[in-house]
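In what follows, every chain begins at residue 1, and chains take the letters A, B, ... in the order their sequences are listed.
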2 protein chains.
Amino acid sequence: MAKESKTKYAILGVLSLRPRSGYDIKKFCDDSIAHFWSENYGHIYPVLKQLEQDEWVEKTTEINENKLRNVYTITELGKQMLIEWLSVTPDIPQARYEFLLKMFFSQYISTDIVIERLQKSIEFCKEMKAQYEGIESRAKDKLDDDKYCDSGLSYRYLTVRYGILNLESTIRWCEESISIVKSIKIKEELQ
Amino acid sequence: MAKESKTKYAILGVLSLRPRSGYDIKKFCDDSIAHFWSENYGHIYPVLKQLEQDEWVEKTTEINENKLRNVYTITELGKQMLIEWLSVTPDIPQARYEFLLKMFFSQYISTDIVIERLQKSIEFCKEMKAQYEGIESRAKDKLDDDKYCDSGLSYRYLTVRYGILNLESTIRWCEESISIVKSIKIKEELQ
DNA sequence: CGACCCATGTAAGCAGTTACATGATTGC
DNA sequence: GCAATCATGTAACTGCTTACATGGGTCG
């Protein structure tokens, strides 16, 4: 019952790149994969403990200038489990997109709210897009002088591309929608 | 703590269109809004009970040919709560897109798996797109001879449009990605 | 007579979120 | 002196999923 924790594998993946502390894992999520994955401390630390018990990761404690740091390293077993999970077809999540749910029932609220909401969404998407495009161009640079044939670079590049294409299509949809909602507004005013 | 149940409002929305049984609510979700919202019985029935207690909905029991049917109708209070919820800016969910998470770490698995996965994804998206386009054209027909100026029709149309645009961009991304992964494959074979 | 739709529900249980708690260091 | 960043964790809580349980009707 209940779904298997994906956090486990997300953490394993992050640790596969290099050893990190719980704090670092969170930072990596926020900085590098936030547009398609998120984690929070309240989940990372307990899962890390569990992973250690299962011997999928190993803990080493560093003390630097009175600061305690628990650094976790993926084990051979952990790596195997990660690869096994990666090999399984990802499941398609049950959709739960609140924005569209509200849109679907927006006949009960004023068109002005809806239009403003769509405009805010465009602004937001454009900001995100600019940000992703920064990441994209840096990724492309790295990709261009990749002497080690690191396929990881390509895969990371792909996920950013997804974000950009997705934002572009969302922006287009918002624009299209604004004009439709505006025509609803005009119709209503005529009545 | 923990987020407020969105199921409550989703059910309220569905009942705002017309009274329905729990079974019918589930059907409506599966048939009409599945591409951006899903519910299941194990959640619908308990929430329905709670909504009844809060007097956001009213239960009437029908008996037809030995069959029991509990039909729920939204109350005035329920309608108010729905409108209030609709008026609040929808929150942006924490992204958790397993497909991209696996993609991000795909350097550890064979390119063939990744390519096949992307191809399957294209097929799936195309099927969905064809389906949505059917809904879209029917929605457009209704919209064209809309004598009652029912803005609901337009909003429902918009959500389908979102689905279509989104699928198109996903398909484009998959195609782009396949060619990149194929070039990774070729590089690897050269080594 | 088996499969599938109609119809309602309960129970178990995990996943994940939010808030709380603590404390050192760095830089403005 | 205050805010931000580094750093680790716990507690409470709920939302949602899955599996289970039951039974009648219909159609081929």
Side-chain angles (χ1 to χ4, degrees), chain A residues 1-12 19-31 34 36-54 57 59-72 85 91-98 101, chain B residues 1-12 14 19-31 34 37-54 57 59-72 85 91-98 101:
Chain A
M1 335 199 162
K3 291 212 181 139
E4 228 214 327
S5 169
K6 285 161 190 175
T7 297
K8 236 161 62 174
Y9 297 101
I11 291 177
L12 228 43
R20 278 189 168 88
S21 66
Y23 186 83
D24 290 340
I25 291 169
K26 166 75 171 148
K27 252 194 102 190
F28 182 83
C29 290
D30 292 346
D31 296 346
F36 63 86
W37 202 261
S38 69
E39 292 293 348
N40 50 47
Y41 294 127
H43 210 197
I44 289 172
Y45 287 112
V47 169
L48 230 23
K49 196 178 271 179
Q50 194 208 311
L51 287 173
E52 199 197 343
Q53 272 164 20
D54 296 343
V57 305
K59 180 163 87 172
T60 50
T61 304
E62 288 177 4
I63 299 166
N64 268 43
E65 302 142 19
N66 295 341
K67 263 188 276 180
L68 176 85
R69 260 175 69 90
N70 296 323
V71 178
Y72 296 86
W85 179 76
D91 69 32
I92 296 150
Q94 300 290 62
R96 291 208 126 206
Y97 196 172
E98 189 186 326
L101 185 65
Chain B
M1 339 199 160
K3 291 211 182 138
E4 226 215 328
S5 169
K6 285 162 191 173
T7 297
K8 236 161 61 171
Y9 296 100
I11 290 177
L12 228 43
V14 174
R20 277 189 170 87
S21 66
Y23 185 84
D24 289 341
I25 292 169
K26 167 73 170 149
K27 253 195 101 189
F28 182 83
C29 291
D30 291 347
D31 295 347
W37 203 262
S38 69
E39 292 293 347
N40 50 46
Y41 295 127
H43 209 196
I44 289 171
Y45 287 113
V47 170
L48 231 22
K49 197 180 271 179
Q50 195 207 312
L51 287 173
E52 199 197 342
Q53 271 163 22
D54 296 343
V57 304
K59 181 163 86 172
T60 49
T61 304
E62 289 177 5
I63 300 165
N64 269 43
E65 302 143 17
N66 294 341
K67 265 188 272 181
L68 177 85
R69 259 175 72 88
N70 295 324
V71 177
Y72 295 86
W85 179 76
D91 69 33
I92 296 151
Q94 301 290 63
R96 292 207 124 206
Y97 196 172
E98 190 186 326
L101 185 65

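- Proximity of residues 23-31 of chain A to DNA chain C (heavy atom under 4.0 angstrom from any strand atom) is not detected for any residue.
- Note: CG (A:N40) to C1' (D:dA7) measures 16 Å, nearest angstrom.
- Look at B:T7 and you'll find a side-chain N or O under 4.0 angstrom from OP1 or OP2 of D:dC16.
- For B:D24, the side chain to side chain contact (heavy atoms under 4.5 Å, CB included) partners at least two apart in sequence or on another chain are B:R20, B:S21, B:R69.
- Of all non-hydrogen atoms in B:A95 and A:A34, the two that sit nearest each other are CB-O, 3.8 Å.
- Contact annotation: B:S5 side-chain N/O to D:dC16 OP1/OP2 distance is under 4.0 Å.
- Place B:Y72 and B:R96 on DNA chain C by their nearest nucleotides, and B:Y72 ends up nearer the 5' end.
- Distance CD (B:E62) to C1' (D:dG24): 17 Å, rounded to an integer number of Å.
- For the pair B:K6/B:D91, a side-chain contact is recorded, criterion being any heavy-atom separation below 4.5 Å from C-beta on.
- With a 4.5 Å cut-off on side-chain heavy atoms, B:L101 and A:W85 count as touching.
- Minimum interatomic distance between A:G22 and A:Y41 (heavy atoms only, all atoms of both residues): O-CE2, 4.4 Å.
- When rounded to the nearest whole Å, the span between CD of A:E4 and C1' of D:dA19 equals 17 Å.
- In this entry the distance linking CZ of A:R69 with P of D:dT5 reads 17 Å, nearest Å.
- Side-chain contact check for A:I25 versus A:L48: some heavy-atom pair is nearer than 4.5 Å.
- When side chains are defined from C-beta on, B:R96 counts as touching A:E39, because their heavy atoms get closer than 4.5 Å.
- Under the 4.5 Å side-chain criterion, counting only non-hydrogen atoms from C-beta, B:E98 is not in contact with A:Y9.
- With a 4.5 Å cut-off on side-chain heavy atoms, B:Y23 and B:K27 count as touching.
- At a non-hydrogen distance threshold of 4.0 Å, B:G42, B:H43 from residues 41-51 of chain B come into contact with DNA chain D.
- Of the two residues contacting DNA chain C, namely B:N70 and A:K8, the nearest-nucleotide position lying further toward the 5' end is that of B:N70.
- Distance, A:K6 NZ to D:dT17 P: 11 Å, rounded to whole Å.
- Atom P of nucleotide C:dG16 and atom CD of A:E39 are separated by 7 Å, given to the nearest angstrom.
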